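Order of the sequence lines sets the chain letters (A, B, ...), proteins ahead of strands, with each chain counted from 1. Keep in mind the model is a prediction, meaning the values are calculated, not measured.
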Amino acid sequence: MKYQRPRGTRDILPSEIDIWQKIEKTCREIFELFNYREIRPPIFESTDLFSRSIGKETDIVSKEMYTFHDRSNRSLTLRPEATAPVVRAIIEDNLLQQNQQLKLYYQGPMFRYERQQAGRYRQFHQIGVEIFGSNNPLVDAEIIYMASKIFNKLNLNDLVININSVGDKNCRPNYINELKRYFEKNQRQVCHDCTKRLETNPLRILDCKNPTCQNVVKLAPKLKDSLCNECKMHFNRVISSLSKLNVNYQINDQLVRGLDYYTRTTFEVVSNQLGAQNAVCGGGRYDDLVEELGGKSTPATGFAIGLERVVEVMQKMSLQRGEDQGVKEIDLFIAAMGEEAQMIGFELLTKIREKGLTADQDYLGKSLKAQMKAADHLAAKYVYIIGEEELVKKTAILRNMKTAEQKEVAFDKLSEELHGLAN
RNA sequence: GCGGCCUUGGUGUAGAGGUAACACAGCAGAUUGUGGUUCUGUUAUCAGGGGUUCAAUUCCCCUAGGUCGCCCCA
């Protein structure tokens, strides 16, 4: 094969597009209910934007970015996530007025240069929200509630919401120091990766999957014990609000996310239907990012849903329920024999479509038998058969494909007749 | 960036060191103007390159791709 899709990319095929559109539609509907408006930043941005916001030492920035130079030698990067572009946009386009809250959502492809595996692609799609301007814990609760609402509406009920607080710029540095001291004492017992993490991102040691590291982590100082009072209060308000809304969640004090900009609340929705890459949604609060990128100090929070993974869970669920992916049925198929008949069919089709009925015909010049077969595969409700005799009479045969009844219907009566039958 | 497994027609699968089997789909016909059943015919040189061999698609190596993990993340 001469051309292949680039590694880590996928073609989303017509056979699976229904499920994609259903998810997208559900998300949009719910976002609009909560008064979020869509924003569409570009697919690539200046490289600095990502390295400043996500963090130079993170995996995303240090080894996963699609970075290139354009013809004027600007360093650009295909967005690995959309929060930084959205923040850039609200600053640049002045969307944030004083003392206002701003609610946005976005949707589209993201790019990370990673080795592909189940649920992980180099081009993948996210749909997400960001809300700016408020540090109220109710905001955190609102977006988490909104995420759970989306998954409920999609009938995905075996998901678990993990939630944690990673502190803020006041209390987190103290904790990190404490953690560093602890792990330096126990360095020999942690894995190679964790020794490196001690320098780059000590928090990540907390959710290392290596069992020996886990043993060391068990006795490590707890993040929640070193949160400052404000952070503690904030977190408690978030979870009590969620409880009030009957959202099921699990506090996971080892949940640390890989992007540097998170403060206080972080959360992740995971599915047990997936392989190692089991997070279908992740997000949290990022109160310092807007200022860091040059805007006024503005608290913010948001999440992103990974569409490929949601699609995968939904496909698995519908298989388990024994649903078939279903052919889309059409109202009418015109089987025409000969060029002249085909032309008549062509004209009739436009009238029928104007009535809002789905209709099609064969352009390959197949035999009648083959056209009937095609109609059958398209699950056509009716077939209108136009041959040479019919051309003279200006009347052709309308066949009901379910009952096999057929009757003569004049060309100029066809759309009325069908319209009547459809209702 | 690291590791395991895999790569045969449109799809899903067999197979053996000596030049490929089955199912489904597709197309054509049996039924020269009618579908969903049945029957018949037809559709590949086994990812690409190199090596071993009288001979490889089957053995070895490399490359590409797939897949599942590690890391990390949606």
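For the pair Thr77(A) (side chain) and Arg79(A) (backbone), a donor-acceptor distance under 3.5 Å is absent. Here the side chain of Arg264(A) pairs no donor or acceptor atom with the backbone of Val166(A) at under 3.5 angstrom. Counting only distance, with no hydrogens or angles, the side chain of Arg10(A) and the backbone of Arg5(A) share no donor-acceptor pair below 3.5 Å.
Contact annotation for Gly275(A): backbone-only contact, meaning every heavy-atom pair under 4.0 Å involves sugar-phosphate atoms and none involves a base. If you check every strand for non-hydrogen atoms under 4.0 Å, Ala380(A) touches nothing. Counting non-hydrogen atoms under 4.0 angstrom, Glu389(A) reaches a base of the nucleic acid. Contacts of Gly338(A) with the nucleic acid, taken as non-hydrogen atoms under 4.0 Å apart, are absent. Nucleic acid contact for Ala375(A): none, since no nucleic acid atom lies under 4.0 Å from a heavy atom of the residue. Residue contacts for Lys373(A): at a heavy-atom cut-off of 4.0 Å it reaches the sugar-phosphate backbone alone, with no base atom in range. Counting any heavy atom pair closer than 4.0 Å across all strands shown, Glu390(A) reaches a base atom. Across all strands shown, Gln116(A) has heavy atoms under 4.0 Å from base atoms, whether or not it also approaches the sugar-phosphate. The residue Ile397(A) sits close to a base: some heavy atom pair falls under 4.0 Å. Using a 4.0 Å heavy-atom criterion, one finds that Phe303(A) contacts no nucleic acid atom at all.
G4(B) and C71(B): their C1' atoms are spaced 16 Å apart (whole Å). Comparing G10(B) with U42(B), their C1' atoms are spaced 14 Å from each other, to the whole Å. A distance of about 11 Å separates the P atoms of A20(B) and C46(B), rounded to the whole Å. Atom name P, nucleotides G66(B) and A28(B): the rounded distance is 35 Å, in whole Å. For G18(B) and U31(B), the C1' atoms lie 45 Å apart once the distance is rounded to whole Å. With P as the reference atom, U37(B) and U13(B) are 24 Å apart, rounded to whole Å. Taking atom P in both C22(B) and C39(B), one finds a spacing of 15 Å when rounded to whole Å. Using atom P as the reference point in both C60(B) and G1(B), the two lie 26 Å apart (nearest Å).
With hydrogens and angles ignored, no donor-acceptor pair under 3.5 angstrom links the side chain of Asp376(A) to the base of G36(B). Interface remark: the Gln406(A) side chain does form a donor-acceptor pair with the U34(B) base, using a distance-only criterion of under 3.5 Å. Residue side chain Arg120(A) does not reach the base of C68(B) through any donor-acceptor N/O pair under 3.5 Å, judged by distance alone. Under 3.5 Å, the side chain of Gln371(A) and the base of G33(B) form no donor-acceptor pair of N or O atoms.
Atom NZ in Lys63(A) sits roughly 10 Å away from atom P in C2(B) (whole-Å rounding). One can place CZ of Phe333(A) at 15 Å from C1' of G36(B), the figure rounded to the nearest angstrom. In this structure, Gln277(A) places its CD atom 9 Å from C1' of C71(B), rounding to the nearest Å. Following rounding to the nearest Å, Leu259(A) (CG) and A74(B) (P) show an atom-to-atom distance of 6 Å. A straight line from NZ of Lys381(A) to C1' of G36(B) spans 18 Å, rounded to a whole angstrom. If you take CG of Leu274(A) and P of C68(B), they are 11 Å apart, rounded to a whole angstrom. Glu64(A) has its CD atom 10 Å from the C1' atom of G1(B), to the nearest Å. Here G35(B) presents its P atom at 6 Å from CE of Met372(A), a figure rounded to the nearest Å.
Among the nucleotides C71(B), G69(B), G35(B), the one closest to the side chain of Asp59(A) is C71(B). The side chain of Met337(A) lies closest to G33(B), out of G33(B), A74(B), G69(B). When the nucleotides G36(B), A74(B), A28(B) are ranked by their closest atom to the side chain of Ala370(A), A28(B) comes out on top. Proximity note for Ala118(A) (side chain, C-beta onward) versus C68(B), U34(B), A74(B): the nearest is C68(B). Among G35(B), A74(B), C27(B), the nucleotide with an atom closest to any side-chain atom of Glu114(A) is A74(B). The side chain of Arg7(A) lies closest to G65(B), out of A74(B), G65(B), G1(B). Among the nucleotides G69(B), G1(B), G36(B), the one closest to any side-chain atom of Gln117(A) is G69(B). Picking from G33(B), A74(B), G1(B) the nucleotide with the shortest atom distance to the side chain of Phe124(A) gives A74(B). In this structure, the nucleotide among G65(B), G33(B), G3(B) sitting nearest to the side chain of Gln4(A) is G65(B).
With respect to the salt-bridge test (charged N to carboxylate O, under 4.0 angstrom), the residues Arg40(A) and Glu38(A) qualify. Salt bridge Glu408(A)/Lys394(A): absent, no basic N to carboxylate O contact under 4.0 Å. No salt bridge links Glu417(A) with Lys413(A); every basic N to acidic carboxylate O contact stays at or beyond 4.0 Å.
At the phosphate of G26(B), OP1 or OP2 sits under 4.0 Å from a side-chain N or O atom of His377(A). The phosphate of G33(B) has neither OP1 nor OP2 within less than 4.0 Å of any side-chain N or O from Lys369(A).
In this pair, Phe31(A) and Phe303(A) present their aromatic rings tilted. The plane angle is within the 30 to 60° band.
Using Watson-Crick or G-U wobble geometry with both donor-acceptor distances under 3.5 Å, U67(B) finds its partner in G4(B). Taking a pair to require two hydrogen-bonding distances under 3.5 Å in either a Watson-Crick or a G-U wobble arrangement, U52(B) remains unpaired. G29(B) is paired with C39(B) under the Watson-Crick or G-U wobble criterion, all donor-acceptor distances under 3.5 Å. Nucleotide C22(B) is matched to G12(B) when pairs are restricted to Watson-Crick or G-U wobble geometry with both distances under 3.5 angstrom.
Residue Ile386(A) is the one, among Lys402(A) and Ile386(A), whose nearest nucleotide of RNA chain B lies closer to the 5' end (criterion: closest heavy atom). Toward the 5′ end of RNA chain B lies the nearest nucleotide of Met401(A), the other residue of the pair Met401(A) and Ile60(A) mapping further downstream.
Of the residues Glu308(A), Glu114(A), Glu312(A), the one that meets the salt bridge (charged side-chain N to carboxylate O under 4.0 Å, His left out) test with Arg120(A) is Glu114(A).
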Practice task
Let me see the working for Asp158(A) and Gln273(A) under side chain to side chain donor-acceptor pair (under 3.5 Å), right down to the final yes or no.
Solution key: CA-CA 9 Å; Asp158(A) 62 336; Gln273(A) 300 281 319; 3.1 Å; yes

